[in-house]
Amino acid sequence: MKVLCVAEKPSIARSISAILSGGQFTTRPSANKYIKNFDFNYPQTNSIYTVTSVSGHLTAHDFGDAYRTWNSCDPFVLFDVPIETKISTESKTIEKNLRNEARGADMLMIWTDCDREGEHIGSEIATVCQKAKHNIIVKRARFSAIIAQQIHNAAQHPVELDRAQANAVEARILLDLRIGAAFTRMQTLTLQGRFAQLNEKRDPVSYGPCQFPTLGFVVSRYNQVKSFVPETFWYIFLSLSRSTSSSSAPEETQFTWRRGHLFDFDVTLALYQHVLGDPLARVVKVVQKPTKKWKPLPLTTVELQKSGSRLLKLAPKKLLDVAEKLYQKGFLSYPRTETDQFDPQFDHMSLIRKQKIDPNWGAFATALEQANGFVGPRTGKNNDKAHPPIHPTAHIGNLEGDERRVYEFITRRYLACCSKDAEGWEKNVEVECGGERFSASLTILARNYLDVYIYDKWYGKVIPDFEEGEEFTPTVCELKEGETSSPSYLTEADLVTLMDKNGIGTDATIAQHIQTIVDREYVLERMEGATKYLVPSTLGIGLIEGYNQIGFEKSLSKPQLRRETERSMVQVCEGTKTKQDMLAQSIEQYKDMYIRARGEFNKVITVSSAFGRIDVMR
DNA sequence: GCAAGGTC
């Protein structure tokens, strides 16, 4: 039997071939420069295998000619007019390769990632191959990691394609296109009629079910900052200076008031006077216990973008681009993964060994190899069943600039994962004075993973000995005043976190959505020191606040609608809803909102005009 | 000139 295997991307095709053939395969080029065909025998099922791949989705969706140009129709009809599905121009050579290979095959085995999108890509592959060979048997290989035993098992026990999952994705594709195109054209054409600046630039004023909630987060934080009024508070500050030993200089131990701070001056003053009336502080409790600072979890794409943008000051999109490049050069594992747990069979030692030669972290890697050095990584809660957490696959010493910094971060993170938690000793001293309680708590370090993961800080300070029942005269006892501080604008790391929590976009697209609202000039990047903050432009504020004033039951700029789309997709996958019902219900809902938005768009225009100009403020 | 999701 001749079997044609098709993976979602070239790297997986190569890995599968290496495993199934035991390294004995021949390589043929295809019409596409990224894609190769691998041939070998697979005696376990008495078959001749060819393994190739696509490169993500094969098809593109668009309206027919009659509706593609912007002035050809009322945007409202885009909710209903037919959508054409074509092989995208970039995929033409890939389609050709699939057809050639399918003609000579008895069976098509689909090896796309085991997620909804993978099932949809699989159905695209099946359509192309069945066109080339009508009676080809279509099967699907199920695997959750590129591990020999799993890959062999998948090849020997193929299952059926899950059409329900493919349908759910198809519905989302159609919905996003209809909603995006209809609202984008309506917004753009209406605003261009009112604001000359927009007309000159001809930039679309886009709407999208992911980009608007993303913009909504930025505007919402902006409003919090603008409406913030500082509040004065008061607190009692207590400290003691004493030497830890007879020879050392005195050190100050600061105690924290158990009440934190109060907003009522008179009450605070009364309590303070009570404390002043009692010159002696008594140690009521000393608790000492070991404490830990946990090493980081294995690295996912979202976490790379969050911690990377915070620690390396690189934009999430940039981080992903750099990681992608390093992956293509063979230094990193696949950088788009939701998985924060390594497979129990994962071979860490050979990867750690590769890092021993590094001048900066080689010694740490060497120590991990010794007895008591290595501790298996923590197990997170997420597993996409397709890719392991991001880790270095080879050592490289001559990178420069951002590539070097990203590689270093990922490598240090990985080595930290294979190390031990930092250990400390916590001493909590509780003190009573004039009826008020105060406490001090400090930690002493045993660094472990912190030695390689230089991005985490864990400060500790030796605290003098205190004994229960001991009395002392505080060195300082003061009534102090403070002020609540304004929230800051959103950082990119904050925004990634919010999007991830609210299910806006996926690990691979979150960074793109942020880029989109910047490109559309809805949001400006403002540097303060080394930190980049996101501030909405007048246009961004006008759009969000304008829609808010229309008072939709479900806001176009909040995550709820996207969550509902997600829930509908799950229902289609489970078979509790049909694709047609999902489409019909959503389209109806958005049509109602579209009609109201169009009717009351003067509110968006009014809010935008209120800022005087609709172009961006600098 | 529109979306979001894959991927190179």
Side-chain angles (χ1 to χ4, degrees), chain A residues 7-13 30 32-36 53-63 67-73 75 78-79 81 83 88 90-91 93-94 112-113 115-125 165-166 168-189 191-192 198-214 301 320-321 323-329 334-336 384 386-387 499 503-517 519-520 556 561-562 565-566 569 586 590 594:
Chain A
E8 188 162 318
K9 45 192 161 267
S11 62
I12 301 279
S30 80
N32 182 290
K33 65 175 170 176
Y34 299 109
I35 290 169
K36 302 276 183 285
S53 79
V54 290
S55 182
H57 289 285
L58 276 171
T59 60
H61 298 75
D62 207 351
F63 304 105
Y67 305 98
R68 207 150 39 229
T69 54
W70 283 43
N71 290 309
S72 62
C73 61
L78 299 177
F79 284 113
V81 300
I83 288 177
S88 65
E90 317 88 78
S91 300
T93 53
I94 301 172
T112 46
D113 294 354
D115 52 29
R116 279 192 315 230
E117 298 296 331
E119 230 57 40
H120 182 260
I121 294 167
S123 76
E124 293 178 313
I125 295 167
Q165 289 195 48
V169 169
E170 182 76 12
R172 190 219 72 232
I173 290 170
L174 300 176
L175 269 180
D176 286 346
L177 177 58
R178 291 189 188 285
I179 297 162
F183 274 88
T184 298
R185 290 189 195 180
M186 186 273 284
Q187 286 185 172
T188 309
L189 296 172
L191 284 172
Q192 277 177 352
L198 288 171
N199 220 346
E200 286 156 19
K201 292 165 80 177
R202 276 179 63 86
D203 286 339
V205 183
S206 63
Y207 174 85
C210 285
Q211 50 180 271
F212 255 52
T214 305
T301 307
L320 204 51
D321 290 348
E324 177 77 36
K325 232 182 240 166
L326 291 169
Y327 157 69
Q328 280 168 29
K329 290 181 182 172
Y334 190 64
R336 285 188 285 272
D384 63 18
H387 312 286
M499 293 171 73
I504 302 299
T506 68
D507 53 351
T509 61
I510 280 178
Q512 286 172 30
H513 296 312
I514 299 176
Q515 192 61 49
T516 300
I517 61 172
D519 290 345
R520 298 278 188 260
L556 287 166
L561 285 163
R562 193 62 185 174
T565 304
E566 185 68 26
M569 286 176 78
S586 291
Y590 276 95
Y594 178 93

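So you know, we letter chains A, B, ... as the sequences are listed, proteins then strands, and number each from 1.
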Quick one: on DNA chain B, does A:I173 or A:N32 contact a more 5' nucleotide (nearest heavy atom)? A:I173
A:P204 vs A:D115, nearer the 5' end of DNA chain B by closest nucleotide: A:P204
Would you classify [X] as touching base, sugar-phosphate or nothing, given that sugar-phosphate means primed atoms plus P, OP1 and OP2, and contacts are heavy atoms under 4.0 Å?
X: A:G118; value: nothing
X: A:D62; value: base
X: A:T188; value: base
X: A:Q512; value: base
X: A:R562; value: sugar-phosphate
X: A:E124; value: nothing
X: A:L78; value: nothing
X: A:H513; value: sugar-phosphate
X: A:P75; value: nothing
X: A:Y334; value: sugar-phosphate
X: A:R172; value: base

Residue-phosphate contact under 4.0 Å: [X] side-chain N/O, [N] OP1/OP2:
X: A:Y327; N: B:dT7; answer: no
X: A:R185; N: B:dG1; answer: no
X: A:T509; N: B:dG5; answer: yes
X: A:Q211; N: B:dA4; answer: yes
X: A:T506; N: B:dG6; answer: yes
X: A:S206; N: B:dA3; answer: yes

Proximal nucleotide (of B:dG6, B:dG1, B:dA3) relative to the A:T184 side chain: B:dA3
Side chain of A:R68, heavy atoms from C-beta onward: which of B:dT7, B:dC2, B:dA4 has the nearest atom to it? B:dC2
Rounded to whole Å, how long is the line connecting atom [atom1] of [X] with atom [atom2] of [N]?
X: A:D384; N: B:dT7; atom1: CG; atom2: C1'; answer: 15 Å
X: A:I504; N: B:dG5; atom1: CD1; atom2: P; answer: 9 Å
X: A:H57; N: B:dA3; atom1: NE2; atom2: P; answer: 16 Å
X: A:D176; N: B:dA4; atom1: CG; atom2: C1'; answer: 5 Å
X: A:E90; N: B:dG5; atom1: CD; atom2: C1'; answer: 13 Å
X: A:H120; N: B:dG6; atom1: NE2; atom2: P; answer: 12 Å
X: A:I510; N: B:dG6; atom1: CD1; atom2: C1'; answer: 15 Å
X: A:F183; N: B:dA4; atom1: CZ; atom2: C1'; answer: 16 Å

State whether the aromatic ring of A:Y207 stacks on the base of B:dA3, taking stacking to mean ring centres under 5.5 Å apart and ring planes under 30° to each other. no
Side-chain contact, heavy-atom cut-off 4.5 Å: [X] with [Y]?
X: A:H513; Y: A:P213; answer: no
X: A:R336; Y: A:H387; answer: no
X: A:W70; Y: A:T184; answer: yes

Those residues at least two apart in sequence (or on a different chain) that pass side chain to side chain contact (heavy atoms under 4.5 Å, CB included) with A:Q512 are A:K317
Please report the C-alpha distance between A:V169 and A:E119 in whole Å, then the side-chain angles of each, then the deciding distance to 0.1 Å, and finally whether the side-chain contact (heavy atoms from CB on, under 4.5 Å) criterion is met. CA-CA 9 Å; A:V169 169; A:E119 230 57 40; over 6 Å; no
To the nearest 0.5 Å, atom CG of A:D203 lies from atom CD of A:Q192 at 8.5 Å
Under the rule for salt bridge (Lys or Arg N to Asp or Glu O under 4.0 Å), what residues qualify as partners of A:E566, not counting sequence neighbours? A:R116
